[in-house]
Number of protein chains: 2
Amino acid sequence: MTVGDRRTTLADVAAAAGVSVALVSIVMRDAPGASAATRERVLEVARRLDYQPDSRARLLRSGQSRLLGVVFGVQHPFHDDLLTGLYDAAERIGYELTLSAVTPRRDERTAISGLLQDRCAALVLLGPQIPAAELATLAGRLPVVAMMRAVRQRQVDVVRTDDARGMHLAVDHLVALGHRNIAHVDGGRWLASAERRQGYRDAMRRHGLEAYAKVVNGGFGEEDGARAARELLDDPPTAVTVFNDLGSTGLLDVLRRHGRAVPGDISVVGYDDSSFSRLAHIDLTTVAQDIETMATLAVARAVERIDGTRVAHREMVIPPRLVVRGTTGPAPA
Amino acid sequence: MTVGDRRTTLADVAAAAGVSVALVSIVMRDAPGASAATRERVLEVARRLDYQPDSRARLLRSGQSRLLGVVFGVQHPFHDDLLTGLYDAAERIGYELTLSAVTPRRDERTAISGLLQDRCAALVLLGPQIPAAELATLAGRLPVVAMMRAVRQRQVDVVRTDDARGMHLAVDHLVALGHRNIAHVDGGRWLASAERRQGYRDAMRRHGLEAYAKVVNGGFGEEDGARAARELLDDPPTAVTVFNDLGSTGLLDVLRRHGRAVPGDISVVGYDDSSFSRLAHIDLTTVAQDIETMATLAVARAVERIDGTRVAHREMVIPPRLVVRGTTGPAPA
DNA sequence: ATGAAAGCGCTAACAT
DNA sequence: ATGTTAGCGCTTTCAT
């Protein structure tokens, strides 16, 4: 079963329908300039021959690609949801998406380079880790929208969550439940860590609780949360806000193994609303980002840049919301 | 900041380097036929001009694409790991990957159609849900490798896990721990469900335990597992094998809420080795598929078909392995 | 409404 | 080793 069969081309359809290729092209693109009768006949023939337009030739000739390149990280919380939203938004606006994944053995530069060769009209990067300067250089070549990450460089558009506000929501919620001794496990060198940490500090100050403010070193993974939990057990607070959901599960596990009831003794708030945080087992109170809005805005912005539309704000900072589940409750008496 | 700047082309590089485009092409493709000096000079110029080859033009002209189309499902267990493995395998063999996602609002047909227009040389489908007949039709147009799913049609290549064997491993493990009263929560109408269920039945029979064999209706989700757990509580077995990890967590949660100790009273085995099954909280004994081998085989097979190589077996069935964690233990006395 | 012809950026034959 | 030329499948003038 060798596969040597050349695919059906415009010319084949034209020949079979007894018209010129130009006319078939018009019909396939649904462009004006063909009679209804011809249109129908051509479409019929195309269907019969199982014709599929060659997007490469199409884009090559027409010069502009209506193609958005998306770099996403395999195994990152909510990148899947983000992709879903991006596909929706792109479809609504008549653009195609082409994906390039970052894996443990395929770095961001490789992923981006592939998209450049595909001649995307713009790039949407989900939580890019490369230096801001590099992003700026890239943005000199084509529009770049960075998501889930702050970038100072003015060449780069940004759609991200108001992480400080996310921590305010978390702390406000805990304070409303009567907590005062609230600690924070941060994300270490991770990108959004600084802003979340600062948001936590500000929120504590706003409530006049700076005396209780306490930041413990954490990280991205479950083990980081577990380590932080062991550290906190010496002098346990009544509530903890954690950099992300993964860390929260590690922390929860250690707390429970040491006989602390959650939320009876200690309340815990995560960040990300990861899919596993919804599992009945875990049932984590957490800060959710507004994925759908962000995806829509990112695509809209990319297209604006492609079209050369003037935009008011380079950076779009979206408020998150708190999802209250079972790991938070009234402060112990 | 309008983006009207035409991208650098081969011709630009040729002009700047003072050579013909053909020569630049030779250098860029690392093909024989250029002096070392020229090679170096051209590469230098290309770097300076930030030249990126246009993959569309390249593929269009060269007629063959060295491009593998991959359809994956957003939010499916281990599809991420699979992508990682596929990228590795493709890179080793000099092929590119182009991804197309299935999302809640973007179906498989749409995803496939996009790849067809990109003129992929072959398709790799992760757990395709479309009817086998449709897969066969598709395979008439280009090589198609289906992963994680059995397909009878002989046009379609298959790389999948020996699911029956997976259940044997689970049951053997439980029997070795002294269990006899072992139930199975199946996956309902889900694709691999029938084979896993049958595997369970066979394994029970092999151990002379058909009298204890009991299959409960389940499904793909956590709630399905929870429902099954409630049903099982009337006359609880000492161990349960579940269709997948997600169902297992639902089941585990209900069991614990009803005061059953796991694995003290009841042992539980999942299926998939999903990322969350490793969480300390969940720590689920589960059946793991050999992702890396499967990815390598799928890519190899796709390339064999593209090259017209004769292959011995259309279907490659890979043995899974059991990952023993904390949800299984000795049968209660 | 329809067709002829040029050309997008590249590779592959075939010169030299 | 290097250059010239044709053409991949399509879209886009420009004719008719």
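So you know, we letter chains A, B, ... as the sequences are listed, proteins then strands, and number each from 1.
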Whole angstrom is fine here: how far is it from CZ in B:Arg119 over to C1' in D:dC10?
10 Å
Results of salt bridge (Lys or Arg N to Asp or Glu O under 4.0 Å) for A:Asp88 - residues two or more places apart only
B:Arg105
Tell me the interatomic distance from A:Arg7, atom CZ, to D:dC10, atom P, rounded to whole angstroms.
11 Å
Spatial distance of atom NE2 (B:His79) from atom CG (B:Leu86) [nearest 0.5 Å]
10.0 Å
Side-chain N or O of B:Tyr51 versus OP1/OP2 of C:dG9: is the shortest distance under 4.0 Å?
no
Using whole Å, what does the distance between atom C1' of nucleotide D:dA1 and atom CD of B:Glu40 come to?
16 Å
Rounded to the nearest angstrom, tell me the gap between atom CZ in B:Arg41 and atom C1' in D:dA1.
12 Å
Would you mind reading off the distance between A:Leu10 atom CG and C:dT2 atom C1', rounded to a whole angstrom?
15 Å
With a sphere of 6.0 Å drawn around CZ of A:Arg152, does it hold more than 12 non-hydrogen atoms of other residues, nucleotides or ligands?
no
How many Å lie between CG on A:Asp12 and C1' on D:dC8, as a whole number?
13 Å
Please tell me which of A:Gln52 and B:Ala36 maps to the more 5' nucleotide of DNA chain D, matching each residue to the nucleotide holding its nearest heavy atom.
B:Ala36
Tell me, please, which residues at least two apart from A:Phe220 pass ring-ring contact (aromatic ring centres under 6.0 Å, His included).
A:His76, A:Trp190
Quick check for you: to the nearest 0.5 Å, what is the distance between A:Leu126 atom CG and A:Met294 atom CE?
10.0 Å
Spacing of A:Ile306 atom CD1 and A:Leu68 atom CG [to the nearest 0.5 Å]:
5.0 Å
Regarding A:Gln117 and B:Ser55, do their side chains bring together a donor and an acceptor under 3.5 Å, going by distance alone?
no
Let's see if you can work this out: which of C:dA1, D:dC10, D:dA1 has an atom nearest to the side-chain heavy atoms of A:Thr9?
D:dC10
Does any residue of residues 53-63 of chain A have a heavy atom under 4.0 Å from DNA chain C, and if so, which ones, in number order?
A:Leu60, A:Arg61
Tell me which donor-acceptor pairs under 3.5 Å the side chains of residues 93-102 of chain A have, and how far apart each pair is, sequence neighbours excluded?
unit_1	atom_1	unit_2	atom_2	d
A:Ser100	OG	A:Arg106	NH1	3.0
A:Ser100	OG	A:Ala111	O	2.9

Using a strict heavy-atom distance below 4.0 Å, which residues from residues 16-34 of chain B are in contact with DNA chain C?
B:Ala22, B:Ser25, B:Arg29
Can you measure A:Leu67 atom CG to C:dC8 atom P for me and round it to whole angstrom units?
21 Å
Rounded to whole angstrom units, what separation is found between the CG atom of B:Leu49 and the P atom of C:dG9?
15 Å
Residue pairs fulfilling side chain to side chain donor-acceptor pair (under 3.5 Å) with at least one residue in residues 120-129 of chain B, sequence neighbours excluded:
none
